[in-house]
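Count residues from 1 along the sequence. Owing to the predicted nature of the structure, the values given are computational and were not obtained by experimental measurement.
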Amino acid sequence: MSKTLEQILGYVYLTGVIQRIQSGIPDVLPSAFNTTKKQILGNQGRYTQTFGTRKTARRVEYGSPAVGQPLLGIESRDVKLLHTLEMITMDPLLLQMLRSYDSYDLQKMGIDELNRQQLEFKQRFDNLRLSTVYSMLSNGAIYFDRQGNLLPTSSGAYVTVDYGISANNKNQLNGIVTASWANANTDIPSQLRSLKQRAAQLTGYPLKYAFYGKNIPSYLTQNNYVLDYLARNPPVAQKFLDQAELPDNLFGYTWVPVYTAFFEDADGTNQTFFGDDTVVFCPEVNTVMYELMEGSYQVPSSFNATQNMASALGSMKTVHGQFSYGVPVHNPPTVQMFFGDTFLPIGKVPDALYICDCTP
């Protein structure tokens, strides 16, 4: 039995198509995580790390010979980028209705649905990019199962991208979080100062952002030490009362709520990245600290028969990052849409990141 276009598209009302679930996942991070990019050929990348010095020059007697010192270290890191490639096939009946020139309404509805399907298809790849950055920040690693599905934790992981963050930069930060933030008598400002001191000594990159989980505002605003500060600073306290979120520059950090960050896994279950009691501390996001590395891929620009391989290669073009192309197929006659991406978020200074569980 043949289907009408309305049956193909779903329930259509006078007011248009109603979308039950909004596409995409929340983007709660500073824009620099998406805009600080570097393009390379293929899927093999390299970046260089240099080592600064904290030592002082030696005192010598005036007129004495210079004291020799070694050159500072430099090393390169090779990385292999993530790659994804998927396809969708249009319904042959919808394809016919797209060409129903005697019915403008049907053709327009078909074109609208075709555009919707392509946009939704692309959204999967945008979701993957954003989710890998979330995983880098919350786990210090990115995990995939054997089928290539993104995982929220290391459980069941077949492929792991590990950023090499030191164990001292995780959990209770090697003794900095000595008491739980859930305890109202914990000196949280003192712990935050100790973390700034540690960051200055370990890497020298000052911390700016505090990406926090759902419980953190309640811990801070019920803490005796923080309450004393808020009582002496009404404008800052008012910001919390207005938004129920931590205000910027509280104790020198830019506080960013990230508890709405999630993705839908292969089983249809929503998976959150940042724990309720988690705070991830991070320096300013720039090319020194971070890059979104985009690899290249050969994409066909035409599918005409050619005389030789060199001519066929001439119909290909090199595209960095996300790419797409459509192909007509004949069995059955329809159209297939391909979309892919070659990329990897790069944390270039792993120990400048601190992934803290505030409730030991």
Side-chain angles (χ1 to χ4, degrees), residues 21-36 126-127 129-140 142 150 152-153 165 169-173 176-177 180-184 186 188-189 191-192 195-196 199 206-223 225-227 229-230 233-264 269-285 289-290 345 347 352-360:
I21 299 177
Q22 183 68 35
S23 297
I25 58 178
D27 185 352
V28 297
L29 297 176
S31 61
F33 280 105
N34 295 320
T35 58
T36 308
D126 293 338
N127 293 345
R129 279 199 176 196
L130 184 55
S131 294
T132 56
V133 178
Y134 286 153
S135 188
M136 178 190 72
L137 292 173
S138 61
N139 296 317
I142 307 171
L150 181 67
T153 67
I165 298 174
N169 285 40
K170 298 179 180 180
N171 301 317
Q172 281 72 58
L173 309 182
I176 288 180
V177 181
S180 173
W181 287 19
N183 185 340
T186 296
I188 296 177
Q191 294 182 8
L192 293 174
L195 179 57
K196 287 183 178 180
L207 297 175
K208 177 178 180 179
Y209 294 106
F211 304 118
Y212 63 87
K214 183 174 62 176
N215 291 340
I216 302 303
S218 297
Y219 294 155
L220 265 70
T221 55
Q222 296 173 16
N223 182 270
Y225 292 87
V226 180
L227 283 174
Y229 170 81
L230 294 178
N233 198 329
V236 175
Q238 188 62 45
K239 291 181 181 178
F240 172 78
L241 295 175
D242 291 341
Q243 303 174 10
E245 301 290 359
L246 297 176
D248 286 347
N249 297 321
L250 179 64
F251 303 120
Y253 294 89
T254 298
W255 296 84
V256 181
V258 292
Y259 52 82
T260 58
F262 76 98
F263 77 104
E264 182 181 327
T269 302
N270 290 335
Q271 301 285 354
T272 57
F273 285 101
F274 298 88
D276 293 345
D277 299 332
T278 296
V279 182
V280 178
F281 297 93
C282 174
E284 179 67 80
V285 183
M289 303 296 308
Y290 169 87
L353 194 69
Y354 298 82
I355 306 173
C356 178
D357 178 359
C358 298
T359 54

For residues Ser135 and Asn139, is any side-chain donor paired with an opposing acceptor at under 3.5 Å? yes
Let's go through Leu220 and Trp181 carefully: what are the C-alpha distance in whole Å and the side-chain angles of both, what is the deciding distance for side chain to side chain contact (heavy atoms under 4.5 Å, CB included) to 0.1 Å, and is it a yes or a no? CA-CA 7 Å; Leu220 265 70; Trp181 287 19; 3.5 Å; yes
Do you know which two heavy atoms are closest between Cys358 and Val279, and how far apart they sit? SG-CG2, 3.7 Å
Relative to each other, are the rings of Tyr134 and Phe273 parallel, tilted or perpendicular (30° and 60° limits)? tilted
With sequence neighbours excluded, residues passing side chain to side chain contact (heavy atoms under 4.5 Å, CB included) with Pro360: Gln172, Val177, Ser180
Do Ile142 and Pro345 have side chains that approach each other closer than 4.5 Å (heavy atoms only, starting at C-beta)? yes
List the steps, then state whether side chain to side chain contact (heavy atoms under 4.5 Å, CB included) holds for Tyr209 with Glu284. CA-CA 7 Å; Tyr209 294 106; Glu284 179 67 80; 3.7 Å; yes
Can you list the residues that meet the side chain to side chain contact (heavy atoms under 4.5 Å, CB included) rule with Asn34, with sequence neighbours excluded? Asp27
Asp277: what forms a side-chain hydrogen bond (donor to acceptor under 3.5 Å, both in side chains) with it, not counting sequence neighbours? Asn215, Tyr219, Thr359
Would you confirm whether Thr278, through its side chain, and Phe274, through its main-chain N or O, come within 3.5 Å as a donor-acceptor pair? no
Tell me if the NZ atom of Lys214 is crowded by more than 12 foreign heavy atoms within 6.0 Å. no
Which residues share a side chain to side chain contact (heavy atoms under 4.5 Å, CB included) with Thr153, sequence neighbours left out: Ser155
Is a donor on one side and an acceptor on the other found under 3.5 Å between the side chain of Thr36 and the backbone of Phe33? no
Calculate, to the nearest 0.5 Å, the distance between atoms SG and CZ belonging to Cys356 and Phe281 respectively. 5.5 Å
Using side chain to side chain contact (heavy atoms under 4.5 Å, CB included) as the criterion, point out the one residue from Leu137, Val285, Val256 that pairs with Leu29. Leu137
Is it the case that the ring center of Phe251 lies less than 6.0 angstrom away from the ring center of Tyr253? no
About how many Å separate CD1 of Ile188 and CG of Asn183, when rounded to the nearest 0.5 Å? 9.0 Å
Nearest heavy atoms of Gly24 and Asn127, plus distance in Å: CA-OD1, 3.5 Å
Ile355 and Ser138 have their tightest heavy-atom pair at CG2-O, 3.5 Å
Could you pull out all residues at least two apart from Tyr212 that satisfy side-chain hydrogen bond (donor to acceptor under 3.5 Å, both in side chains)? Glu245
Please round to the nearest 0.5 Å and tell me the distance separating atom NZ of Lys170 and atom CG of Leu173. 11.5 Å
OH of Tyr290 to CE of Met136, rounded to nearest 0.5 Å, is 5.5 Å
Working to the nearest 0.5 Å, report the span between OG1 of Thr186 and CD of Gln191. 6.5 Å
Smallest heavy-atom separation, Ala244 atom then Pro217 atom, equals O-CB, 4.2 Å
So Phe262 and Pro152, do their side chains get closer than 4.5 Å, heavy atoms only? no
Residues passing the side chain to side chain contact (heavy atoms under 4.5 Å, CB included) test with Asn171, sequence neighbours excluded, are none
Among Val258, Leu246, Thr221, Asp276, which residue meets the side chain to side chain contact (heavy atoms under 4.5 Å, CB included) test with Ile216? Leu246
Shortest non-hydrogen pair, Pro26 vs Leu130, comes out as O-CD2, 3.4 Å
Shortest non-hydrogen pair, Phe263 vs Ser131, comes out as CB-OG, 3.5 Å
